[in-house]
Novice: 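My questions will all concern the structure given below.
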Amino acid sequence: MKLDELYALLRRRGFLWPTAEIYGGAQGLYDYGPLGTALKRRLEEAWVSWFVGRSPDYYRIEPAEIVPEAVVRASGHLENFTDPEITCDACHATFRAETVLEKVRPNGIDGLAPAQIEEVVRSHQVRCPSCGSTALSVPAAFNLMFDVPFGVARTERAYLLPETAQASYLAFARMWEVGRKALPLGIAVVGRVYRNEIAPRQVLFRLRSFTQAELQIFFDPEEPPGHLGSLADEKVPVLRAERRERGEGSVELVPARELVAGGLPEFYVDHLVHLLRFLRDVLRYPAERIRFFEKSDKERAFYNRLQFDAEVYTESLGGFKEVGAVHYRGEYDLRRHAEGSGKDLSVSRGTDRRLVPHVLELTFGVDRNLWTLADVLLGRDGDRTVFRLPAYLAPVAVGVFPLIAKEHRAVAEALTEQLLAAGIPAEYDEASSIGKRYARMDEAGTPFCVTVDGGTVGEGPEHGTVTLRSRDTKGQERVPAAELVARLAPALRPPRPSGS
RNA sequence: GCGGGCAUAGUGUAGUCUGGUCAUCACAUAGGCUUGCCAAGCCUAUAACCCGGGUUCAAAUCCCGGUGCCCGCACCA
């Protein structure tokens, strides 16, 4: 579907709508309605189950959404707010761009975009003032944080959290104790973050307040987490940076073992495959719509040693869009916060080693994936509109209908109560024709519909049975009502990782 | 942030150029009759000119400002 059509459908059905809609809306802010809220919760649960559930040493925390200025100063978010920086990829030193470029641009660099500053650096063969290397890069200028006057007198400066990852870095020291000093240590956050985006657009794809699900895995590079094992033959759809630079833009399906043989660390490939399986097998994006886009040295943030963005092809947004990523961030973040806080964030390993743990970051945009799921799984099938969500993601698991309202209402309502009591999200509907009720449920993504009819309430052989209708096949079968819970429950649990 | 386009019931729309009936039609939603397993039919009802100012006897229509959405550029730390 086109963007406008998909958005109208999601609005009409109460998945989401603009914040402060009656006042004309607010750029980059959307509210989730009943169906959207439920879908988002299930998406988050599925992510937690798949990623945090992978190891007993992975923990989920819930941080505050406001951080003191010192935090964003140490993380590098604040400095970039005002002055573009130049960083040296060789010695990791950081300088103000204006200072480094003083000689070649005596008039300053005001108004230049980071990419243009980088062009100046390259064309003048500028060298690192510290080590003399020409491997300089210019991180994009950051000006997107919401600042918050803090304290009763409003004299302290604080910021709305711009990325959940920072909260995990802040929690590392405490979690090192809580997790009883084990590496790898995983710290996951599913939470709201805030960025004052210059041009919010495309509904859920660039928001000013959105939800990230991120898992930071702190590990000892000598004992990295993850072994391919049985997943070594899994074919990964990759778009390698090197091939792109040669002008070959097509996706290759490369077995995981070959990516390792080609030089990528095994633990990194392991997590790429794990993410691939989540997108393909848990969220059910068609395999051909998924690709991993490798960012080159120049494209990725300087602190990332490796970066593959997970992208999914969307029709409404006209191409592959980033929905998640795997970043190997090295020790950059803990080192910065150790410097900023004055706390030693290195840990001891064995009897005579200390190290600052490295970080593997798995990121997942919850809102973006909600949109992408709708884009990919919500569509027309003949004259009906069907949202083919996996059952465990569906906002409503079962629609319960009386075939004839006044005759079957009581039994159908009682059945709805039984399902709800068993923890199955059920919704009763007696309005309009049976076909229209099925259609409404198809649109909402409800995988199952149960209809109470004359057979159910009669004394014949069908007594106590109902029809169970499948959203995807439209097929029906008669099932004893008493068996519904046992029948449906397994399909409603999100998959957990296995076999890796 | 710059440039372009757009804004009419819940949804999609007609009307705007050329100001002048009660703002068109379909679907939707609610109630009733009928039917009784895939958006059926009939009757009734609900419901809109994005916001603010201006011009005019009269503004959905013309002008100004704002807000929002889409597209391109830039940005995406």
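Reminder, nothing fancy here: chain letters follow the sequence lines and each chain counts from 1.
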Novice: Is there a Watson-Crick or G-U wobble partner for B:A30 with both distances under 3.5 Å, and if so, which one is it?
Specialist: B:U44
Novice: With a 4.0 Å limit, can you tell me whether A:Q476 has a side-chain N or O closer than that to the phosphate oxygens OP1/OP2 of B:C37?
Specialist: no
Novice: Specify the closest pair of heavy atoms between A:P395 and A:L35, including all atoms of both residues, with the distance to one decimal.
Specialist: CG-O, 3.5 Å
Novice: Identify which nucleotide among B:C71, B:G68, B:A30 has an atom closest to any side-chain atom of A:L3, counting heavy atoms from C-beta outward.
Specialist: B:C71
Novice: What is the ring orientation for A:F364 with A:F278, classed by angle as parallel under 30°, tilted 30 to 60°, or perpendicular over 60°?
Specialist: perpendicular
Novice: Would the base of B:C70 count as contacting A:R201 through its side chain, where contact means a donor and an acceptor less than 3.5 Å apart?
Specialist: no
Novice: To the nearest angstrom, how far is A:W371 atom CH2 from B:C70 atom C1'?
Specialist: 12 Å
Novice: Could you tell me how far B:G19 sits from B:U61 if I compare only their P atoms? Round to whole Å.
Specialist: 12 Å
Novice: Would you find a donor on one side and an acceptor on the other, under 3.5 Å apart, between the side chain of A:R195 and the backbone of A:P162?
Specialist: yes
Novice: Between B:U29 and A:R440, is there an OP1 or OP2 to side-chain N/O distance shorter than 4.0 Å?
Specialist: yes
Novice: For nucleotides B:A58 and B:C6, find the distance between their P atoms and express it as a whole number of Å.
Specialist: 28 Å
Novice: For B:G20 and B:A26, measure between their C1' atoms and round to the nearest Å.
Specialist: 28 Å
Novice: Just by modelled atom types, is the A:Y313 backbone N or O under 3.5 Å from a matching donor or acceptor in the A:R289 side chain?
Specialist: yes
Novice: Over all strands shown, is A:S432 touching base, sugar-phosphate only, or nothing at heavy-atom distances under 4.0 angstrom?
Specialist: nothing
Novice: Once hydrogens and angles are ignored, does a donor-acceptor distance under 3.5 Å link the base of B:C70 to the side chain of A:D4?
Specialist: no
Novice: So what does A:A8 touch, heavy atoms closer than 4.0 Å: a base, only the sugar-phosphate, or nothing?
Specialist: sugar-phosphate
Novice: Is any side-chain N or O of A:Y23 under 3.5 Å from a base N or O of B:C51, one able to act as donor and the other as acceptor?
Specialist: no
Novice: Sticking with atom P, work out how far B:G5 lies from B:A9, rounded to a whole angstrom.
Specialist: 22 Å
Novice: Name the nucleic acid region contacted by A:D453, choosing base, sugar-phosphate or nothing; use a 4.0 angstrom heavy-atom cut-off, strictly under.
Specialist: base
Novice: How many whole angstroms separate atom CG of A:L9 from atom P of B:U11?
Specialist: 12 Å
Novice: Would you call A:D442 and A:R469 a salt bridge, using N to O less than 4.0 angstrom?
Specialist: yes
Novice: Check the phosphate of B:A77 against A:Q166, side-chain N and O only, distance under 4.0 Å to OP1 or OP2. Yes or no?
Specialist: no
Novice: Rounded to the nearest 0.5 Å, how far apart are CG of A:L488 and CD of A:E483?
Specialist: 11.0 Å
Novice: With C1' as the reference atom in both, quote the distance from B:A30 to B:G10 in angstrom, rounded to an integer.
Specialist: 13 Å
Novice: Identify the two heavy atoms, one from A:S168 and one from A:F218, that lie closest to each other, and give their separation to 0.1 Å.
Specialist: O-CZ, 3.9 Å
Novice: Is any side-chain nitrogen or oxygen of A:S433 closer than 4.0 Å to OP1 or OP2 of B:A40?
Specialist: yes
Novice: Ignoring hydrogens and geometry beyond distance, is the side chain of A:R469 in donor-acceptor contact with the base of B:C38 at under 3.5 Å?
Specialist: yes
Novice: Should B:G20 form a Watson-Crick or G-U wobble pair with both distances under 3.5 Å, which nucleotide is its partner?
Specialist: B:C57
Novice: Of all the nucleotides listed (B:C37, B:C69, B:A77), which has the minimum atom distance to the side chain of A:T451?
Specialist: B:C37
Novice: Give none if B:U35 has no partner; otherwise give the nucleotide forming a Watson-Crick or G-U wobble pair with it, both distances under 3.5 Å.
Specialist: none
Novice: Any side-chain N or O of A:R195 below 4.0 angstrom from OP1/OP2 of B:A77?
Specialist: no
Novice: Whole angstrom is fine here: how far is it from CZ in A:R471 over to C1' in B:C38?
Specialist: 15 Å
Novice: What contact category does A:R11 fall into here, base, sugar-phosphate, or nothing, at under 4.0 angstrom with non-hydrogen atoms?
Specialist: sugar-phosphate
Novice: For atom C1', what is the distance between B:C49 and B:A59, given to the nearest Å?
Specialist: 11 Å
Novice: Think A:K474 has a side-chain N or O under 4.0 angstrom from the OP1 or OP2 of B:C37?
Specialist: no
Novice: Between P on B:U11 and CZ on A:R12, what's the gap in Å once rounded to a whole number?
Specialist: 9 Å
Novice: Mind checking A:Q202 for me? I need base, sugar-phosphate or nothing, with any heavy atom below 4.0 Å counting as a touch.
Specialist: sugar-phosphate
Novice: Roughly, in whole Å, what's the span from CG in A:L403 to P in B:U34?
Specialist: 16 Å
Novice: What interatomic distance, in whole Å, is found between P of B:U13 and the corresponding atom of B:C50?
Specialist: 14 Å
Novice: B:G3 C1' sits how many Å from A:I198 CD1, rounded?
Specialist: 16 Å
Novice: To the nearest Å, how far apart are A:L317 CG and B:C69 P?
Specialist: 15 Å
Novice: Map A:A199 and A:E21 onto RNA chain B by nearest heavy atom, then report which one ends up closer to the 5' terminus.
Specialist: A:A199
Novice: Distance between the C1' atoms of B:C75 and B:G1, in whole angstroms?
Specialist: 9 Å
Novice: I need the CD-P distance between A:E430 and B:G36, as an integer number of Å.
Specialist: 18 Å
Novice: Which nucleotide, in any strand shown, forms a Watson-Crick or G-U wobble pair with B:G3, with both distances under 3.5 Å?
Specialist: B:C71
Novice: Can you name the nearest heavy-atom pair linking A:S316 to A:K2, along with the distance?
Specialist: CB-C, 4.1 Å
